[in-house]
Amino acid sequence: MKINDNFEKLPESYLFSTVAARLRAYREEHPEADVIRMDIGDVTLPVPQAAIAAMHRAVDDMAAKSTFHGYGPEQGYDFLRNAIAANDYAARGIAISADEIFISDGAKSDLGNLGDIYSEDSIVAVADPGYPVYVDSNVIDGRGGELEGGRWSRFVYLECNEANGFKPVPPAVHADVIFLCSPANPTGVSFTRDELKAWVEYARANRAVIIYDSAYCAYITSEDVPHSIYEIEGAREVAIEVRSFSKTAGFTGLRCGYTVVPSTLTGTDEEGREVSLRKLWLRRQTTKFNGASYIIQRGAEALYSPEWKKEVRENVDYYLANACLIRDTMARAGFTVFGGDNSPYIWVKSPVGESSWSLFDKCLSEAHISCTPGVGFGAAGEGYIRLTGFNTRESTEEAMRRILEMFGK
Ligand code: MLT
């Protein structure tokens, strides 16, 4: 068989696999080094007790004939979709029905898989820097063109830099599909209501669809930052929203997320007829996915119980306090920093114009801190690194001490 040649166009390994491999090699050479992980956004606090208890009960369900669950609904169990519709949407005055919610094994899978429902010749717009899944999965699907100077010829790049505060703005050219993330990975900055409104207007004018990655919405504390794109009038006609339980409830290892595809959202076919995207996504999921596990969905449902409100809020606040500590320490020491207020991520500019990878090597070898090189998120990330607030408080404090010492601050 012939392979999908697009794989050969991609860099050899995925960003976080490359970082992990470099880290592994360093640890093998320096087994004595106590490396503090501030690279991948993986959580360190355990899963809230409410979810643990619910999953234990769900395991017991599997042991009895009367409560056993085999294949579940591909779209997810009603109990979880109803809880999401009520708590994440209705409670905020947003009209999203359970029927428009699709449970998955995480936001990353959905963000990559959504490419099945739009045409291969779609023009895709991505923020640079941005979460690499948007770029890599569209390259795999054949929408990238050629890689020239770190950028793919067929994408519309939404350049983010110090001057625009790392916030992508609607481009002057047309795009069919736009990936937006707020609070953003990797820069940690978020759209205000007015900024997001400009994007919804752009999408409506261009008959485009926004794929809105809202994986970090639990970290929003500012009043003028929307938690959902559907808080913006008209977004139901132009946006798909993707969310995750990973960063809110420690589900990075359990795997559960969801995608909202409103029934009012359409695309056009070859003949110019309007086709429901919800219908296409349902068709896609029923064909290629057998649903997230019953046990995990029971765990996610429990996060909406009153215990969740307290426990999960405490976990998110813990990581936010770490992020705030990183941001303030780095800023006080004279670094240019972004994010870290409505987000667990802090985007740090290299103080002496070093490349991202050389700063990565320096942090690892001199301070035993592993970060993510900014250039891994796109050419515009060169000269930056990303730190995360997901480690423990003690390790975060120690990391700050080491970084300041390294730069003689
Ligand atoms: C990140 O570090 O950017 C994320 O943890 C990656 C992910 O969620 O897949």
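Since the model is a prediction, treat every value here as computed from it, not as a measurement. We count ligands from 1, going down the list as the structure has it; atoms in each ligand are counted the same way.
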Would you call Lys310 and Glu314 a salt bridge, using N to O less than 4.0 angstrom?
yes
Using a 4.0 Å cutoff against the non-hydrogen atoms of Gly41, which atoms of ligand 1 qualify?
1 (C), 2 (O), 5 (O)
Judging by distance only, is a nitrogen or oxygen of Phe16 under 3.5 angstrom from one on ligand 1?
no
Write out the residue and atom name of the closest protein heavy atom to atom 5 (O) of ligand 1, then the distance separating them to 0.1 Å.
Lys247 NZ, 2.8 Å
Residue Tyr131 vicinity, atoms of ligand 1 by number, heavy atom under 4.0 Å
6 (C), 7 (C), 8 (O), 9 (O)
Numbering as shown, the atoms of ligand 1 that approach Tyr345 to under 4.0 Å (heavy-atom distance):
1 (C), 2 (O), 3 (O), 4 (C), 5 (O)
Are the side chains of Val124 and Tyr134 in touch, meaning some heavy atoms are under 4.5 Å apart?
no
Pair Arg204 + Glu233, salt bridge at N-O below 4.0 Å
no
State whether the number of non-hydrogen atoms from other residues, nucleotides or ligands found under 6.0 Å of Arg393 atom CZ is greater than 12.
yes
Interatomic distance, CD@Glu394 vs CG@Asn322, rounded to 0.5 Å, equals 8.5 Å
Taking the six-membered ring for Trp, are the ring centroids of Phe289 and Phe102 within less than 6.0 Å of each other?
no
Against heavy atoms of Ile40, which atoms of ligand 1 measure under 4.0 Å?
2 (O), 5 (O)
Is there any N or O on Asp39 that sits under 3.5 Å from an N or O of ligand 1?
no
Could you tell me which atoms of ligand 1, counted from 1 in the order shown, lie closer than 4.0 angstrom to a heavy atom of Asn185?
1 (C), 3 (O)
